[in-house]
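Below is one structure, written out as structure tokens, with a few remarks after it.
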Amino acid sequence: MIRVLVSVVGAAKPRALHGTTARYLHSSYDVAVVGGGIVGLATARELILRHPSLRFVLLEKEPELSLHQSGHNSGVIHSGIYYTPGSLKARLCVRGATLAYDYCDRKGLPYKRCGKLIVAVDQEEVPRLRALYERGLQNNVRDLSILDAKGIREREPYCRGVMALDSPYTGIVDWRRVALSYGADFEEAGGTVVTNYEVNDIAVANESAAGSSEGLKYPIAIRAKKGEEVRCRYVLTCGGLHSDRLSQISGCSPEPRIVPFRGDYLVLKPDKHYLVKGNIYPVPDPRFPFLGVHFTPRMDGSIWLGPNAVLAFKREGYKLFDFNLRDFGDALSFRGLQRLVLKNVRYGLGEMYRGVFIGAQVKLLQRYIPEISLGDVLRGPAGVRAQALDREGNLVDDFVFDGGVGDVASRVLHVRNAPSPAATSSLAIGEMIADEVEGRFAL
């Protein structure tokens, strides 16, 4: 049965974890976590800290942890302004940001609290900006204030706008580095990390040999494409871009479907870095499904501009011509994507055009910083967002849990959707998922 969580009021650099190679595996564990992104790692860490006497394993299909969404994102620590007051997303983001800063301080992980301006470039955007300010106050976002045009220039000398919302609590961090630190915590607490383990089956284990109780104690078998097998009592999947496929393995509904959207960034040339001091964001337009272009400083000193949002032809396709026939076919044949496209034809064509002709992207950026020119930017990196869609073409904006059907249903929990800002909220999300695991399973 699917459960959707809806709104309720209420120093040292971490080592890159490569984990154990998947060659031997007939080991048994109390809990297996599938997926080594930031949500899976935060949850595995939370669970093992709560239950140190249990045996945990984390299974990741890549040779290293946190290589996809957790390692291809803007690097922003969000403050929680945008979300419906009292909603789960709002509460998780506000708490998650506090936990993230505290965690980085304890671990000696570098971050910069460089702030963010949400800028209204004309009077038409001012009512929406004021509504965002009220929303942020209701969400208990720290230190919010409204700036006039003069205040904008004092904070961002080259930025132009009629009014802005100033969020000094917003920051930046290397989220992959944070995720790897979660993984290190998990291993130090006694957890096992196994990489190169691509799960293709979750089922009731075959009966044990005569005289052995292992089949009864560890009834779930998690099998990899190469034939390895891990046995466990309970399974938690946090599959990100493959969360729908992992869910279907244990008999779940194919929906909500994950549709990959690629975001292509531009980068500002180093000699123009003086144009941007902190994060500069647009006022969201409710007519469009995604946020729009913004200016994002990075921990390495670079400045990213963008992104756009276009359909990716491969779930882990970070380049323009990356293509996977199965991924592309699954997306195009899905009624939900077809309906989303029909509702946003003009917007989608504009995003595609700006992805090819970067001059069009620069024109949008010039609304905020007129001094930027085409010669000041280069093509930069890209990320792929795991966007959950329903059959009507609506973006699924809530957390979705699913257990599947049959004998495995009582022992498997799938996190089918962990919407943005999942990195900022990761420690708070880990607490929430751990609560869900404890509520479902007798740990």
Side-chain angles (χ1 to χ4, degrees), residues 1-10 38-39 42-43 46 74 76-103 113 115-118 120 125-146 163-171 238 256 279 281-292 294 385-390 392 394-402 413 415-440:
M1 180 177 71
I2 295 179
R3 179 182 176 198
V4 181
L5 291 188
V6 294
S7 302
V8 181
V9 177
I38 197 165
V39 171
T43 306
E46 180 69 19
S74 64
V76 175
I77 304 173
H78 293 281
S79 59
I81 296 169
Y82 297 102
Y83 317 115
T84 303
S87 68
L88 186 61
K89 284 185 68 172
R91 291 187 290 112
L92 288 174
C93 183
V94 172
R95 174 164 173 74
T98 299
L99 292 175
Y101 282 127
D102 290 347
Y103 181 84
R113 201 170 294 176
K116 173 168 69 178
L117 292 186
I118 302 174
E125 295 181 336
V126 169
R128 299 202 304 273
L129 184 73
R130 290 192 180 278
L132 274 184
Y133 174 63
E134 294 301 324
R135 179 172 283 193
L137 292 180
Q138 292 179 60
N139 287 339
N140 296 314
V141 176
R142 300 188 187 187
D143 304 325
L144 288 181
S145 62
I146 291 284
M163 186 178 290
L165 177 54
D166 183 15
S167 173
Y169 196 64
T170 300
C238 301
N279 293 282
Y281 273 57
V283 178
D285 190 329
R287 296 174 299 170
F288 303 134
F290 298 113
L291 178 60
H294 41 276
R385 173 177 179 163
Q387 181 59 59
L389 288 180
D390 65 19
E392 302 307 314
N394 300 311
L395 307 185
V396 178
D397 211 27
D398 292 309
F399 290 84
V400 180
F401 292 144
D402 201 348
L413 176 63
V415 180
R416 298 201 55 165
N417 191 44
S420 178
T424 296
S425 306
S426 56
L427 288 174
I429 290 172
E431 293 175 339
M432 180 194 69
I433 297 174
D435 290 343
E436 186 76 13
V437 168
E438 290 175 338
R440 290 189 180 222

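Of all heavy-atom pairs spanning Asp402 and Arg440, the tightest one is C-NH1, 4.4 Å. When all heavy atoms are compared, the tightest approach of Val400 to Val396 is CG2-CG1, 3.8 Å. Contact between Pro256 and Ala388 at its shortest, heavy atoms only, is CB-CB, 4.2 Å. Taking all atoms of both residues into account, the shortest heavy-atom contact from Ile77 to Thr424 is CA-OG1, 3.6 Å.
Ring planes of His294 and Tyr281: parallel class, angle under 30° (limits at 30 and 60°).
Between the side chain of Asn139 and the backbone N or O of Tyr83 there is at least one donor-acceptor pair closer than 3.5 Å. Checking side-chain atoms of Asp166 against main-chain N and O of Ile146 turns up no donor-acceptor pair under 3.5 Å. Here the side chain of Ser87 pairs a donor or acceptor atom with the backbone of Ala90 at under 3.5 angstrom. Checked by atom type and distance alone, the side chain of Asn417 pairs as donor or acceptor with a backbone atom of Asp398 at under 3.5 Å. Looking only at distances, no side-chain donor or acceptor of Lys89 sits under 3.5 Å from a matching main-chain atom of Pro421.
A 4.5 Å side-chain heavy-atom check between Arg135 and Tyr82 finds every atom pair outside the cut-off. Between Leu291 and Pro282 there is a side-chain heavy-atom pair separated by less than 4.5 Å. Within the 4.5 Å cutoff, the side chain of Val415 has no heavy atoms near those of the Thr43 side chain. Residues Leu395 and Leu389 form a side-chain contact, since some pair of their non-hydrogen atoms from C-beta on lies under 4.5 Å apart. Looking at heavy atoms from C-beta onward, Leu132 lies in side-chain contact with Pro284 at the 4.5 angstrom threshold. Phe401 has its side chain within reach of Ile433: a pair of non-hydrogen atoms, C-beta onward, lies under 4.5 Å apart. Inter-residue side-chain proximity for Leu88 and Arg91 is flagged as met; some heavy-atom pair is nearer than 4.5 Å. Residues Thr170 and Val76 are in side-chain contact: their nearest non-hydrogen atoms beyond the backbone lie under 4.5 Å apart.
In this view, Arg385 and Gln387 satisfy the side chain to side chain donor-acceptor pair (under 3.5 Å) rule, not counting sequence neighbours. Applying the side chain to side chain donor-acceptor pair (under 3.5 Å) criterion to Asp390, with sequence neighbours excluded, gives Asn394. Listed by chain and residue number, Arg50, His51 satisfy the side chain to side chain donor-acceptor pair (under 3.5 Å) test with Glu438 (two or more places apart in sequence, or in another chain).
Counting non-hydrogen atoms of neighbouring residues, nucleotides and ligands closer than 6.0 angstrom, the CZ atom of Arg128 exceeds 12 such neighbours.
Atoms OH and CG, on Tyr169 and Leu144 in that order, are 12.0 Å from each other to the nearest 0.5 Å. Note that CG of Leu92 and OG of Ser426 are 10.5 Å apart. Values are rounded to the nearest 0.5 Å. Atom SG of Cys238 sits about 8.0 Å away from atom CG of Leu413, to the nearest 0.5 Å. The distance from the OG atom of Ser79 to the CG atom of Leu165 is 8.0 Å, given to the nearest 0.5 Å. Note that NZ of Lys116 and NE2 of His78 are 5.5 Å apart. Values are rounded to the nearest 0.5 Å.
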task = Report the C-alpha separation of Glu134 and Leu137 in whole Å, then their side-chain angles, then the decisive distance to 0.1 Å, and conclude whether the side-chain contact (heavy atoms from CB on, under 4.5 Å) test is met.
result = CA-CA 5 Å; Glu134 294 301 324; Leu137 292 180; 4.3 Å; yes
